[in-house]
Amino acid sequence: GINAEYMGHFLSVYFFSQMFKQLSMWYALVDSFQRHHTYLRISLTEKCNLRCQYCMPPEGVDLTPAADLLTTEETLRLAKMFVGHGIQKIRLTGGEPLLNPNIEKMCAAMTALPGLQSLGLTTNGLLVPRKLDQLKAAGVTSLNISLDTLQADKFAFITRRGGLAKVLQAIDLSAAAGLETKVNCVVMKGVNDMEIIDFVALTEHRDICVRFIEFMPFDDNQWSQHKLVSSRHLLKLIRAHHPLTPLISFSRCREDT
């Protein structure tokens, strides 16, 4: 026969496991399509030390009054709350997040949060050579570095500033330090689409990932459909120089930026 004591213990364990599962669902970030969200992006500043033509007018933008922005303490409080609800990865963005004077303090506080598995930054790379050691010590695990050309004169044209050598140095230093390093390239027809193969070549001797991003419309950024470069065209261009092997089917690929 069935041991009543054993059955009672089994039911108790089952009850508490189901209750814990339900509590986890209540506290998780689940949208109306039942997708569990574990990734959070936090913009730390509107300020940027570049004036990329597709992103910002040459005179910059009107900045939000400081009193209307989150303080460092408020940002960390929000990060703690989100991690408590299942966020496992945080990416800090801007503007240029490395212009935030408390960036190292914020990174160290976030990586100390129980449950957070990775902390990344999206940056233009100019300040990375100066700050990389502190960022790594603070627990940063990945850098997304924006770079749209490998030609110095074109870099100055696109960004309305100089600094290509510093950005290339930032990419090499980040990869050498063991950080997951991604290069984000906004592709624009007639501007930098002729450099696609050169960007692909960056990955030959560096442990980095290059990602080609669609040119998107913003206010006053002179967006035009004629400047768009399709993914089909990119693949055709790359395939003419290098064999391409799918690593994972698109249906199974999880969004990860």
Novice: Using side-chain heavy atoms (C-beta onward) and a distance below 4.5 Å, is His242 in contact with Ile197?
Specialist: yes
Novice: Rounded to the nearest 0.5 Å, what separates atom CG in Leu234 from atom CG in Asp193?
Specialist: 8.5 Å
Novice: Is the side chain of Thr203 donor-acceptor paired with the backbone N or O of Val200 at a distance under 3.5 Å, no angle test?
Specialist: yes
Novice: Compare every heavy atom of Thr111 with every heavy atom of Gly139, then report the nearest pair and how far apart it is.
Specialist: O-CG2, 3.4 Å
Novice: Can you check whether Ile208 reaches Ile145 side chain to side chain, under 4.5 Å on heavy atoms?
Specialist: no
Novice: Kindly say whether Thr141 contributes a backbone atom to a donor-acceptor pair with the side chain of Glu180 at under 3.5 angstrom?
Specialist: no
Novice: Distance-only, no hydrogens or angles: does the Lys136 side chain make a donor-acceptor pair with backbone N or O of Ala177 under 3.5 Å?
Specialist: yes
Novice: Which pair of non-hydrogen atoms, one from Ala79 and one from Ile90, has the smallest distance, and what is that distance?
Specialist: CB-CD1, 4.0 Å
Novice: Please examine the side chains of Ser146 and Leu50, heavy atoms only from C-beta on, and report whether any two atoms are closer than 4.5 Å.
Specialist: no
Novice: Using 4.0 Å as the upper bound for N to carboxylate O, is an ion pair formed by Asp31 and Arg35?
Specialist: yes
Novice: Does any N or O in the side chain of Thr38 come within less than 3.5 Å of the main-chain N or O of Gly86, such that one atom is a donor and the other an acceptor?
Specialist: no
Novice: Go through the steps for Asn124 and Glu96 under the test side chain to side chain donor-acceptor pair (under 3.5 Å), then give the verdict.
Specialist: CA-CA 7 Å; Asn124 60 38; Glu96 172 51 52; 3.3 Å; yes
Novice: Let me confirm one number: the SG-CZ distance from Cys52 to Phe155, rounded to the nearest 0.5 Å.
Specialist: 7.0 Å
Novice: Is there side-chain contact between Ile238 and Phe212, with heavy atoms separated by less than 4.5 Å?
Specialist: yes
Novice: Does NZ in Lys154 sit with more than 12 non-hydrogen atoms of other residues, nucleotides or ligands closer than 6.0 Å?
Specialist: yes
Novice: Is a donor on one side and an acceptor on the other found under 3.5 Å between the side chain of Lys47 and the backbone of Gly95?
Specialist: no
Novice: If hydrophobic clusters are built by linking Ile, Leu, Val, Met, Phe, Trp and Tyr wherever their side-chain heavy atoms come under 4.5 Å apart, do Ile213 and Met194 end up in the same one?
Specialist: no
Novice: Take a 6.0 Å sphere around CG of Asp68 and say whether it holds more than 12 heavy atoms from other residues, nucleotides or ligands.
Specialist: yes
Novice: With rounding to the nearest 0.5 angstrom, report the CG to CG distance, Asn144 to Asn184.
Specialist: 5.0 Å
Novice: Are any of the side-chain heavy atoms of Leu132 and Leu143 separated by less than 4.5 Å?
Specialist: yes
Novice: Are more than 12 heavy atoms from other residues, nucleotides or ligands located less than 6.0 Å from atom NZ of Lys80?
Specialist: no
Novice: Would the distance check show the side chain of Asp172 and the main-chain N or O of Gln169 forming a donor-acceptor pair, the cut-off being under 3.5 Å?
Specialist: no
Novice: Answer whether the closest heavy-atom distance between the side chains of Ser142 and Arg91 falls below 4.5 Å.
Specialist: yes
Novice: Looking at every non-hydrogen atom in both residues, tell me the closest pair between Arg51 and Arg160 and how far apart they are.
Specialist: O-NH1, 2.7 Å
Novice: When rounded to the nearest 0.5 angstrom, what distance separates CD1 in Ile103 from CG in Leu92?
Specialist: 5.0 Å
Novice: With rounding to the nearest 0.5 angstrom, report the CZ to CG distance, Arg206 to Leu168.
Specialist: 7.5 Å
Novice: Tell me whether Asp148 contacts the main-chain N or O of Val186 through its side chain, where contact means a donor paired with an acceptor under 3.5 Å.
Specialist: yes
Novice: Over all heavy atoms of both residues, which pair between Gln88 and Leu116 is shortest? Give the atoms and the distance, please.
Specialist: O-CD1, 3.3 Å
Novice: Quick check: do Val83 and Met110 have side-chain heavy atoms less than 4.5 Å from each other?
Specialist: no
Novice: Looking at Phe82, I want to see if its CZ is surrounded by more than 12 non-hydrogen atoms of other residues, nucleotides or ligands under 6.0 Å.
Specialist: no
Novice: As an exercise, state the distance from CG of Asn49 to CG of Leu99, rounded to the nearest 0.5 Å.
Specialist: 4.5 Å
Novice: Can any side-chain N or O of Asn102 pair as donor or acceptor with the backbone N or O of Met106 at less than 3.5 Å?
Specialist: no
Novice: Closest approach of Val229 and Lys189, non-hydrogen atoms and distance?
Specialist: CG2-N, 3.6 Å
Novice: Considering all heavy atoms of both residues, which atom of Ala152 and which atom of Leu164 are nearest to each other, and what is their separation?
Specialist: N-CD2, 3.4 Å
Novice: Would you say Leu69 and Leu63 are hydrophobically clustered, going by side-chain heavy atoms of ILVMFWY under 4.5 Å?
Specialist: no
Novice: Would you say the side-chain atoms of Asn192 pair up with the backbone N or O of Thr149, donor to acceptor, closer than 3.5 Å?
Specialist: no
